[in-house]
> 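This is the structure I have questions about; it appears just below.
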Amino acid sequence: MLQRSRTLPSRIHHGAVEERHDIRHYLQVEVQPKVTESEAINPQSSYSKCFDDDGRLKRTGTFWTSASHIITAVIGSGVLSLAWAIAQLGWVAGPSVLLLFALVNLYTSNLLAMCYRSGETVTGQRNYTYMDAIKANLGGRKVMLCGLVQYFNLFGVAIGYTIASSVSMMAIKRSNCYHKSGGKDPCHMSSNGYMITFGIIEVIFSQIPDFNQVWWLSIVAAIMSFTYSSVGLGLGIGKVVGNGGFKGSLLGISIGTVTHAGTVTPTQKMWRSMQALGAIAFAYSYSLVLIEIQDTIRSPPAEHKTMKKATVFSIALTTVFYLFCGCFGYAAFGDLAPGNLLTGFGFYNPYWLLDIANVAIVVHLVGAFQVCLRAAC
């Protein structure tokens with residue numbers, strides 16, 4: 001049996017064919033969209049332009065937003081301790097360890113980026129968090145063990161960010177107080193109020209419902225991280241020029257050297273070297289929030305492709321910056337490189353430039369808290 005026509009038949013009037021062009025004919029044509037072969041095979045591909053394949057709102061992250069999240073998570077206040085770390089290892093081992101950790105972090109990050117989807121890398125089931133990826137690939141009690149490690153780490157990061165931000169806030173007020181009094185007022189103060197203030201700010205920003213919507217805060221935080229690091233780098237270069245050359249040695253602080261903490265013993269040399277390795281490793285740490293950052297990326301192209309490009313760009317940029325900050329800081333102070341590069345240039349002079357750096361640290365820590373804590377929780 002022939003299929004019934006959707007349009008009315010033509011009429012023959014005095015031997016001429018009269019086509020029917022009434023409005024009902026056009027409506028019937030318009031409400032019947034053509035279905036392509038690909039849509040028939042995979043109807044979810046054309047389900048909605050507002051939702052992804054998992055039914056969630058369309059992800060809008062790009063290469064640049066992902067790179068800003070990574071930079072915000074990677075470049076923390078730990079960059080200011082790299083000069084001290086290189087001072088413990090020396091000109092040979094210090095930069096070499098920085099490059100080694102960068103390569104290791106790049107390799108492991110690319111492996112972790114492939115764990116965002118289970119099975120097929122393009123259409124497989126999404127793992128929204130680091131714990132989801134562990135559950136999909138390891139399962140069993142390993143999920144609980146890794147979860148304890150992750151949240152214990154995040155708990156420590158939250159405490160560290162809160163303390164670091166309060167220290168920078170106090171540094172701003174103390175430097176201004178010292179400048180106004182001409183150095184006569186010791187400017188003692190408590191950090192409790194500043195820690196509470198930081199907590200209130202984080203509570204306010206945490207009311208933003210979706211991590212995707214704080215991309216602008218991550219970009220601001222990334223800019224701030226480069227700001228205070230650039231201040232330390234600039235002051236380091238200026239001090240190297242003022243000293244008339246580079247300080248330091250090939251093997252770092254030698255046994256018997258007198259420092260602010262006393263004479264370096266063999267045990268202290270080994271302990272300081274281990275601390276230096278830990279400081280450099282901490283400066284590159286962001287794997288605990290990599291999956292969460294990747295979950296903000298839109299597709300196509302596949303999420304792991306965009307994430308790998310963002311990872312390569314971010315790690316390469318931060319490594320170059322780390323080398324400049326750490327090496328010029330060590331060149332400026334030698335064996336007496338401070339644990340915080342900014343404090344080595346005279347805490348109150350130039351006070352206005354250090355105030356800018358400390359404000360940038362506070363703003364960066366506000367954004368870094370959101371990226372590292374909200375993404376994983």
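Computed over heavy atoms, backbone and side chain alike; hydrogens, waters and symmetry mates excluded.
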> Test side chain to side chain contact (heavy atoms under 4.5 Å, CB included) on M307 and F63; report intermediate values, then the result.
CA-CA 7 Å; M307 192 64 186; F63 166 84; over 6 Å; no
> Surrounding NZ of K269 (heavy atoms of other residues, nucleotides or ligands, distance under 6.0 Å), is the total greater than 12?
yes
> Is there a donor-acceptor contact under 3.5 Å linking the side chains of N110 and T311?
no
> With a 4.5 Å heavy-atom cut-off, do I280 and L89 have their side chains touching?
yes
> With a 4.5 Å cut-off on side-chain heavy-atom distances among I, L, V, M, F, W and Y, is there a chain of contacts connecting W84 to F321?
no
> Short question: side chain of N105, backbone of F101 - any donor-acceptor pair under 3.5 Å?
no
> What distance separates L82 CG from C325 SG, expressed to the nearest 0.5 Å?
7.5 Å
> For L106, is there any backbone N or O sitting under 3.5 Å from a side-chain donor or acceptor partner on S109?
no
> How long is the straight-line distance from OG of S166 back to CG of L365, given to the nearest 0.5 Å?
9.5 Å
> Return yes if some donor-acceptor pair links the side-chain N/O of Q294 with the main-chain N/O of A113 below 3.5 Å, else return no.
yes
> Output the distance between atom CG (L103) and atom CD1 (I315), rounded to the nearest 0.5 Å.
9.0 Å
> Would a 4.5 Å heavy-atom cut-off, applied to side chains only, mark Q275 and W271 as touching?
yes
> Are N127 and S118 packed together at the side-chain level, in the sense that at least one heavy-atom pair is separated by less than 4.5 angstrom?
yes
> Heavy-atom count check: over 12 atoms from other residues, nucleotides or ligands less than 6.0 Å from K308 NZ?
yes
> In terms of relative ring orientation, are F369 and Y161 parallel, tilted or perpendicular, with 30° and 60° separating the classes?
tilted
> Is V320 reachable from V97 through a run of hydrophobic residues whose side-chain heavy atoms are each under 4.5 Å from the next?
yes
> How close do I86 and L98 get, heavy atom to heavy atom, and via which atoms?
CD1-CD1, 4.0 Å
> Is R126 paired with E303 through a side-chain N to carboxylate O contact shorter than 4.0 Å?
yes
> From C115 SG over to Y130 OH, what is the distance, rounded to the nearest 0.5 angstrom?
9.5 Å
> With respect to Y330, which candidate in Y322, F324, W91 satisfies the ring pair (Phe, Tyr, Trp, His ring centres under 6.0 Å) definition?
W91
> Verify the cluster assignment for Y151 and L290: are they in a single hydrophobic cluster under the rule of side-chain heavy atoms below 4.5 Å apart?
yes
> Within the 4.5 Å heavy-atom criterion, are T60 and I297 side-chain neighbours or not?
no
> Could you measure the distance from the CG atom of L111 to the NE2 atom of H304? Nearest 0.5 Å is fine.
12.5 Å
> Just how far is it from atom CE of M131 to atom CD1 of I291, taken to the nearest 0.5 Å?
12.0 Å
> Can you check whether D132 reaches Y128 side chain to side chain, under 4.5 Å on heavy atoms?
yes
